[in-house]
Structures are given as C-alpha cells and as structure tokens.
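Below is one structure, written out as structure tokens; the observations come after it.
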Amino acid sequence: MANKKKTSKTLAPEKTLFEKISEQAAHLKDELIAGKDHLVEAAGEKIASVKSTIKEYQARKKAVVKKVAVKKKQVKKTVKKAVKKAAKKVAAIPVKKKIAAVVKKVVQKKAVVKKKKAARKK
C-alpha cells in the first residue's frame with residue numbers, strides 16, 4: 001500500500017479581540033460619516049427652503065406697501081383737485097360753508113383710508 005502523507009490542515013488564524021474591536025470601530029465610523037453627510041444635506045435643503053419662503057413673504061409685503069403708497073398719492077391728488085374746485089366756486093358761495101364742506105370730505109376720505117389700512121394689517 002502506498003503510504004499516505006499526512007498533511008496538516010491550515011486553519012485560518014482566529015481573530016484576536018483587538019482585531020474584532022477595530023473592525024467594529026471602523027464599521028461604526030463609516031456609518032457615522034454616512035449619517036453625518038445625510039444630516040448636513042437635509043439641513044442644507046431645509047435652510048434653502050426657509051430662505052426662499054422668507055424671500056417670497058418679503059416680496060408680497062413690498063407689493064402691498066407699494067399699492068398702499070399709490071393709493072395715498074391718489075387720495076392726495078383728489079383732495080388737491082377738490083380744494084382747487086372749491087376755491088374757484090368760492091366767489092359765488094359763502095366762503096366758510098364751502099371750506100367746511102371740503103374739509104369734511106377730506107376728513108372722510110382719510111378715515112376710509114385708515115380703515116382700509118387697519119383691515120389689511122389684520
């Protein structure tokens with residue numbers, strides 16, 4: 001019979017405790033880095049959305065302020081026109097009555113404008 005040669009089976013050396021811990025630490029480090037990157041990206045997106053919302057709000061607010069300013073100018077123009085018309089008609093009508101009527105109209109128009117402003121602020 002042929003002699004069988006004895007060969008020793010080479011087993012993979014077992015990992016030491018230090019090697020196991022270092023592998024787990026490396027794995028946790030990779031997970032933490034991936035999680036951090038995800039959080040940074042999500043936070044950046046949220047900040048960008050807040051900025052765009054604020055810009056839209058400010059743009060709407062500016063548009064409302066411009067509309068109010070235009071209406072104020074129109075009211076002032078109409079008041080001036082009414083005063084000029086009243087001044088022309090003063091020669092025929094007693095002066096005090098006509099001026100009182102014009103002043104009353106101006107006060108009423110200003111009150112209407114103030115009410116509209118108050119309603120918009122709410």
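The residues of the chain are indexed from 1 along the displayed sequence. These numbers come from the heavy atoms of this one structure, side chains and all, not from hydrogens, waters or symmetry mates.
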Got a second to check how far [X]'s [atom1] is from [Y]'s [atom2], nearest 0.5 Å?
{"X": "His38", "Y": "Glu41", "atom1": "NE2", "atom2": "CD", "result": "7.5 Å"}
{"X": "Glu45", "Y": "Ile47", "atom1": "CD", "atom2": "CD1", "result": "11.0 Å"}
{"X": "Asp37", "Y": "Leu32", "atom1": "CG", "atom2": "CG", "result": "11.0 Å"}

Residue set satisfying salt bridge (charged side-chain N to carboxylate O under 4.0 Å, His left out) with Lys20, at least two apart, ordered chain then number -> none

For Glu23, the salt bridge (charged side-chain N to carboxylate O under 4.0 Å, His left out) test, sequence neighbours excluded, returns Lys15

Sorted by chain and number, sequence neighbours left out, side chain to side chain donor-acceptor pair (under 3.5 Å) with Glu31 holds for His27

